[in-house]
Amino acid sequence: MPQSSDYRFSFGPWNIHEGADPFGPTVRPTVAFAKKLPVYRELGFEGVQFHDDDAVPDVDQKSPEQLRSDARAMKKMLDDAGLVAEFTAPRLWEDPRGVDGGFTSNDAATRQWAIDRTKRCIDIARELNTKFVVLWLAREGTYIREAKNAIDAHKHLLDALNALLQHDKEVEIAIEPKPNEPMDHAYIPTIGHALSIGSQTVDPKRMGGLIETAHAILAGLDPSDEMAFALAAGKLWSVHLNDQNGLKYDQDKSFGAANLRMAYNQVRVLEQSGYPKTRRFIGLDVKAMRTQKAEVATRHLSNSRRIFLALVEKVRTFDSKIEKQLIEARDYEGLEMAHLAHLMGIKI
Ligand code: 3MF
Ligand code: MG
């Protein structure tokens with residue numbers, strides 16, 4: 001097996017959850033944040049991905065001093081649990097003001113609120129000892145095309161990114177693209193869009209991307225190719241590995257649970273790029289099934305990590321001589337069979 005120290009794993013507190021869905025209430029008791037922290041190390045994780053209000057509740061209401069001192073208290077909790085913060089992400093989508101988006105709202109005051117709130121999210125990150133902020137642009141899109149001027153929306157988004165980069169001269173911002181849900185159409189659906197807008201900012205080297213498996217599949221794209229695009233540009237700053245059974249609601253299934261070969265190819269591209277050497281995290285954005293009983297409602301996390309490490313082993317043990325021969329002969333049926341046989345543990 002690969003050394004588990006090769007890769008660093010992270011998840012967000014929202015990945016241990018009560019099981020509510022749009023059609024039914026919670027089915028498991030709430031686990032307090034402080035009770036989630038020890039679970040990280042137990043399951044082999046060292047990084048915590050935070051929404052701003054996971055780290056400091058009532059972000060908008062607090063004075064700057066209060067915000068920083070609350071964030072420092074959270075940093076102490078992390079230190080005591082032997083954990084580090086990977087990033088913070090502004091949870092704009094749960095605030096009534098963000099009902100029709102923040103950065104791309106038609107209302108100037110709302111756009112300013114989104115920028116101010118995200119500046120606070122950056123300040124929290126810095127107190128948690130990370131420079132890394134992730135933007136999942138949940139409601140930056142439309143339910144109907146005519147609701148916003150899309151050209152203006154992209155300009156507003158760029159203005160917001162510039163204001164954020166200028167607020168803190170060291171912050172590094174990764175956009176997490178997603179094509180739909182909650183909106184019908186999101187303005188930044190793919191990593192190509194994310195890196196393109198990043199390249200137009202005042203400081204492109206501090207703009208990158210986070211790729212989530214399910215989001216790429218919902219865009220009809222192959223997650224490993226999306227990752228390769230970002231990796232080739234040195235812009236894959238984190239991942240949200242999970243799985244997705246075709247074009248449905250965002251499922252956040254355990255990594256490899258729907259399509260093991262697609263999972264293998266994501267691991268393969270990360271291995272090819274030497275991702276562990278970057279010391280960046282492998283984030284798992286996975287949800288337990290609603291049917292899962294409370295006592296075993298963290299298995300989706302440990303199972304996903306285990307599948308990831310088993311696939312690292314598969315990638316590392318694939319016979320590179322056979323690969324080279326089959327590629328030279330352009331025998332892709334043979335190459336496919338060699339990979340499938342290796343994955344299944346059968347002889348060709
Ligand atoms: C939604 C997501 C989000 C983001 C998170 C961090 C709630 O589909 O994937 O999870 O990952 O907000 O950016
Ligand atoms: Mg995600």
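As the structure is a computational prediction, the values presented were derived from the model and not from experiment. Atoms within a ligand are numbered from 1 in the order they appear, just like the ligands themselves.
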Inset, instruction - Using a 4.0 Å heavy-atom cut-off, say whether K178 meets ligand 1 through its side chain, its backbone, both or neither. - result: side chain
Legend entry - the Mg ion (ligand 2) - closest N/O/S atom in E176: OE2
Inset, instruction - Just need the protein heavy atom nearest to atom 4 (C) of ligand 1, so name the residue and atom and give the distance. - result: E176 OE1, 3.3 Å
Inset, instruction - Take every heavy atom of H51, measure it against each atom of ligand 1, and state whether any distance is under 4.0 Å. - result: yes
Legend entry - Atoms of ligand 1 close to D250 [distance to a heavy atom under 4.0 angstrom, numbered from 1]: 8 (O)
Inset, instruction - Give a yes/no verdict on whether any heavy atom in Q49 is under 4.0 Å from an atom of ligand 1. - result: no
Inset, instruction - Answer yes or no: is there a donor N or O on one side and an acceptor on the other, between the side chain of Q244 and the main chain of A258, under 3.5 Å? - result: no
Inset, instruction - Treat each ILVMFWY residue as a node, draw an edge where side-chain heavy atoms are under 4.5 Å apart, and state whether F281 and V171 are in one component. - result: no
Legend entry - Ion pair check, E127 and R72, cut-off under 4.0 Å: yes
Inset, instruction - Considering only non-hydrogen protein atoms, determine which one is nearest to atom 3 (C) of ligand 1 and report residue, atom name and distance to 0.1 Å. - result: W136 CE3, 3.6 Å
Legend entry - Rounded to 10 degrees, the angle ND1 of H240 makes with OD2 of D285 at the Mg ion (ligand 2): 90°
Inset, instruction - Report yes if the side chains of F103 and D159 come closer than 4.5 Å at any heavy-atom pair, otherwise no. - result: no
Legend entry - Side-chain (N162) to main-chain (V202) donor-acceptor, under 3.5 angstrom: yes
Legend entry - Mode of E181 contact toward ligand 1 - side chain, backbone, both, neither (heavy atoms, under 4.0 Å): neither
Inset, instruction - Give a yes/no on ligand 1: does W93 have at least one heavy atom closer than 4.0 angstrom to it? - result: yes
Inset, instruction - Determine, for R126 against E170, whether the closest basic-nitrogen to carboxylate-oxygen distance falls under 4.0 angstrom. - result: yes
Legend entry - Name, closest N/O/S atom of E212 to the Mg ion (ligand 2): OE1
Inset, instruction - Check L210 against ligand 1 and report side chain, backbone, both or neither, counting heavy atoms closer than 4.0 Å. - result: neither
Inset, instruction - Please report the C-alpha distance between D222 and S224 in whole Å, then the side-chain angles of each, then the deciding distance to 0.1 Å, and finally whether the side chain to side chain donor-acceptor pair (under 3.5 Å) criterion is met. - result: CA-CA 6 Å; D222 180 84; S224 70; 2.4 Å; yes
Legend entry - Where ligand 1 meets V134 - atom numbers and elements under 4.0 angstrom, heavy-atom basis: 13 (O)
Legend entry - Sub-6.0 Å ring centroid separation between H51 and W93: yes
Legend entry - Electrostatic pair D250:K178 at N-O distance under 4.0 angstrom: yes
